[in-house]
Amino acid sequence: MSRKVADLLWEMLAKAGVKRCYGIVGDALNPVIDALRRNGRIDFIHVRHEEYGVFGAVAEAYLTGNPVAVCGTAGPGVVHLFNGLMDARKEGAPVIAIAGDTETNVLDTFTLEELNPYKFFDTASLYTARVVNPEQARSVFNTAILTAVLERGPTVISLPGDVASADVEVGSAQITIPATPVLGPTDADLNRLVEMIDDAKTVAIFGGDGCRYARDEVIELAKRLKAPVGYAFRGKQWLEHDNPNAVGMTGLIGYGGAYGAIHEAELLLLLGTDFPFSEFLPGDKVKKVQIDKNPKHIGRRTNVDLGLVGDIKTTLTMLLKRVHEKTDKRFLEKHIAETNSFHDLLQHYVDKGPGIKPIRPEFLAKTLSDLASDDALFFADTGTAVIWLARHISGGRNRRLFGSFSWASMANAAPNAFGAQLAYPGRQTIALCGDGGYSMLALGDLLTQVERRTPVVQVILNNDSLDFVKIEQQEAGIIPFGVDFKSPNFAKVAEAMGAKGIRIEDPADVREGLAEALAHKDGPVVVDTVVDPFALAMPSHVPFHTVKGFTLSVAKQVLSGRMDSVIKTMERNVRLV
Ligand SMILES: Cc1ncc(C[n+]2csc(CCOP(=O)(O)OP(=O)(O)O)c2C)c(N)n1
């Protein structure tokens, strides 16, 4: 049967489970979008910036597990997809990009908007194809879809307009997606692991996103081994809530007893994590076993004594049948106590929050967590928002916490929440945004949210600065520079754009303002909260170079006449208030 290449594309994508395509149309994409309209099964989400669309798609694809399409037209439109596709790659989200391309009769002539897709997407995409002949189409679409779904990441189909509108002969637009294979370790490695566990007096666990489907198994293993469980940011939502052995996170935004537990254990089990901050992982004093379904993760961040390639659920299910229970609880109790005392410390600015102006972000985040529903979806911008999310937003069996955790792009939270709201209409979707991030990318597409009346709650930490970088600069021992700016009253801007706007300047209004925002169901709401720009967030374990950096920065600030900001940083962080 004959059909246009672009018709075949949407038929196959729809059969593969794609429900939405986010993007902006234009020249090369016009025949593609015309076919999408004819197809009628895929919702086209016209965004104001392609990158916003990809961040929306990443959240949808990550949360649902289904492939999601994005599109941008030849040259500049395609370039705008890139940052989001990097995010999809790092977060493991099946996103399929349809990149408009110049007509085949002018390829490689340096014509207007021409871009070599192979070179350009090389770093981001798991598979990039340029369709220059309709005969390629079925095979290319099949490979792009299967690679995205089974290898969990972005793929790119570069499609010149003339090929998109050409006829193609195919039997049917069938696409068959096999289930992801389940990997398990060998018996020999499993036996070795059991021996190592038996030989160790104390065991700690550190988990990441690979524990997504293995929460119950990890908790059971920890219970049997009396092992404290720490986690990377991507493991927090699976391993923290309702887990009596949870000891928090390590790393730059760490809290609780995780750092101590993984450094003092005789044996550390690294489960489904590619945690990138090697300096927060123990050295050779601690024996380490890493289990991951991706063989490339084994030993990448730290030396390991044993590596097992396997999916965490499958491997732990096998392990639980062989492992011997430990009885000594002292190690676990020590690190739980440490975690509890750190929680008391974290609670300080939450408890004092109602009386402190400008608003403490700790108090804001905790109040938000308390008021949100049990199945809320939370997203945090890269910036201080991730710190407050990690420390003060509680997870739960049905809650989800997501961000640009591995790629760490700014401005992800609002588009993430938008994509999540489209995928789960009516469910509370909450974005904790930086004012830098919000004005970078989110503001224009607030109009998209207004048009779609998506009830996304966007809470902006309005601190007139790139605060996270300000903290980084101080840690590095330099005087903060290039990090201050003036933010508008975002609530007024939002109102002018047709959204609901709430401005909160007084801590006494935090609870009521957030409750009003969460209750608003008729479209987007922007909560502009004026927060303390001097609130510091130190990790539970502060490396020596951080202490040194802060001291140096403070000295330099004093010497360069910035005593006022030094005093404010001190008085707002040493619990004088
Ligand atoms: C696209 C991009 N540009 C720059 C950075 C570096 N960066 C990381 S956090 C941050 C500051 C974010 O500021 P803001 O959104 O205002 O949040 P805050 O930290 O003030 O809460 C910057 C510039 C980045 N991660 N991504």
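Ligands are counted one by one from 1 in listed order, and the atoms in each one are counted from 1 as well.
Every N/O-N/O distance between Ser409 and ligand 1 stays at or above 3.5 Å. The shortest N/O to N/O separation between Met410 and ligand 1 falls below 3.5 Å. Of the polar atoms of Asn83, none of the N or O atoms is found under 3.5 Å from an N or O of ligand 1, judged by distance alone. Between Thr382 and ligand 1, a contact under 3.5 Å exists for no N or O pair. Considering backbone and side-chain atoms together, Ala385 places no N or O closer than 3.5 Å to any N or O of ligand 1.
A salt bridge between Lys357 and Glu505 is absent, with no side-chain N of the basic residue lying under 4.0 Å from a carboxylate O of the acidic one. Ion pair Asp509/Arg503 not flagged as a salt bridge, since none of the NZ, NE, NH1 or NH2 atoms sits closer than 4.0 Å to an Asp/Glu carboxylate oxygen. A salt bridge is defined here as a Lys NZ or Arg NE, NH1 or NH2 lying under 4.0 Å from an Asp or Glu carboxylate O, and Glu451 with Arg48 meets this definition.
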Going through the checks in order, is the salt bridge (charged side-chain N to carboxylate O under 4.0 Å, His left out) test met by Lys19 and Asp43?
-> CA-CA 6 Å; Lys19 294 199 169 58; Asp43 191 5; over 6 Å; no
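The distance from ligand 1 to the heavy atoms of Gly383 drops below 4.0 Å at these ligand atoms: 9 (S), 19 (O). Residue Asp467 approaches ligand 1 through these ligand atoms, each under 4.0 Å from one of its heavy atoms: 18 (P), 19 (O), 20 (O). Near Gly437, with a cut-off below 4.0 Å to any heavy atom, the atoms of ligand 1 are 14 (P), 15 (O). Close approach of ligand 1 to Gly436 (heavy-atom distance below 4.0 Å) involves ligand atoms 14 (P), 15 (O), 16 (O). Of all atoms in ligand 1, numbered sequentially from 1 with element shown, those under 4.0 Å from a heavy atom of Phe468 are 9 (S), 19 (O).
Note on ring orientation: taking the six-membered ring where Trp is involved, the planes of Phe277 and Phe275 are perpendicular (angle over 60°, cut-offs 30° and 60°). Aromatic ring pairs are classed by plane angle as parallel below 30°, tilted from 30° to 60° and perpendicular above 60°; the pair Tyr438 and Phe490 is perpendicular.
If you check the side chains of Asp532 and Tyr349, you find no donor sitting under 3.5 Å from an acceptor. Inspection of the Tyr127 and Glu151 side chains reveals no N or O donor paired with an N or O acceptor under 3.5 Å.
Heavy atoms from other residues, nucleotides or ligands lying under 6.0 Å from NZ of Lys521 number more than 12.
The heavy atom nearest to atom 8 (C) of ligand 1, out of those in Asp435, Val469, Thr384, Leu432, is found in Val469. The option from Ala408, Ala535, Ala442 that lies nearest to atom 25 (N) of ligand 1, judged by heavy atoms, is Ala408.
A heavy-atom separation below 4.0 Å is not found between Asp381 and ligand 1.
In terms of protein heavy-atom proximity, atom 17 (O) of ligand 1 is closest to Gly434 CA, 3.5 Å.
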